[in-house]
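Reading through the structure tokens given below for one structure.
Keep in mind that the numbers below use all heavy atoms, side chains included, and drop hydrogens, waters and symmetry copies.
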Amino acid sequence: MRLLCIDPGLSGGIAVLLIEGGRREVLHACDIPTRPDGSNRQVDVVAVCTLIEKFNPDGAVIENVGAMPSIPGPDGERRSMGAASSFRFGFAVGQIRAVCECYGLDPKLIVPRVWKNHFGLKGSQKGQSRDTARRLCPSALPFLTLKMHHGRAEAILMGLYVADKRGML
């Protein structure tokens, strides 16, 4: 089974995993492709379509996300998304979900808390996700060479979670 795994948003990641019995191999992982949109950027849906056509996945899993509420960070400073950021984020998530639907992938949605708990990850420690993906899946190493590849790592971990919970797809 080829599984398309997506950590959505403009700084997220996409991974394609091959899951056969106990075999779990990362065939591809990349950042969400984007293109200019005035002074901002948006998902490059053509590039996402090209990726789907190249790997022809059997299913898809997407992190079920929402706008970030105003919460205090470790330093006490509040972190949140403004209205414009929330709109842009939601638009990107909608583009990704729509592309998957158009290819008949009927994406399964997984809440971050569920897959992160499965791997013992806490909060938004992005480096932990990268380290965990590299440790659990050696074929991920070439795709996770930079700290900024945490979105790719999270997409890979969602796929590994689905592989562990076979009945999800």
Rounded distance [0.5 Å steps], CG in L146 versus CZ in R130: 7.5 Å
Residue pairs involving residues 132-155 (criterion ring-ring contact (aromatic ring centres under 6.0 Å, His included); sequence neighbours excluded): none
ring-ring contact (aromatic ring centres under 6.0 Å, His included) contacts touching residues 95-117 (sequence neighbours left out): none
Residues L18, R23; criterion side chain to side chain contact (heavy atoms under 4.5 Å, CB included); working and verdict: CA-CA 8 Å; L18 178 63; R23 180 176 171 210; 3.5 Å; yes
Interatomic distance, E63 atom CD to L109 atom CG [nearest 0.5 angstrom]: 10.5 Å
V48 side chain near P33 side chain, heavy-atom distance below 4.5 Å: yes
Point-to-point distance, once rounded to the nearest 0.5 Å, from CG of L4 to CG of N56: 11.0 Å
Distance (rounded to the nearest 0.5 Å) between L105 CG and I52 CD1: 5.5 Å
Pairwise distance NZ(K116) to CE(M158) - rounded to 0.5 angstrom: 9.0 Å
Without placing hydrogens or testing angles, list every side-chain donor-acceptor pair under 3.5 Å for residues 132-140, not counting sequence neighbours.
from, atom 1, to, atom 2, distance (Å)
T132, OG1, Q128, O, 2.8
R134, NH1, L144, O, 3.2
S139, OG, V26, N, 2.8

Can you give each donor-acceptor pair under 3.5 Å made by side-chain atoms of residues 92-100, sequence neighbours left out, with the distance rounded to 0.1 Å?
from, atom 1, to, atom 2, distance (Å)
Q95, OE1, V43, N, 3.4
Q95, NE2, Q42, OE1, 2.9

Residue pairs involving residues 15-35 (criterion ring-ring contact (aromatic ring centres under 6.0 Å, His included); sequence neighbours excluded): H28-F55
Separation between CG of L3 and CD1 of I156, rounded to the nearest 0.5 Å: 11.5 Å
Close side-chain approach of L17 and R2, heavy atoms under 4.5 Å: no
Partner set under side-chain contact (heavy atoms from CB on, under 4.5 Å) for V114, not counting sequence neighbours: I110, V111, Y161
Short side-chain to backbone donor-acceptor contact, D7 and A155, under 3.5 Å: no
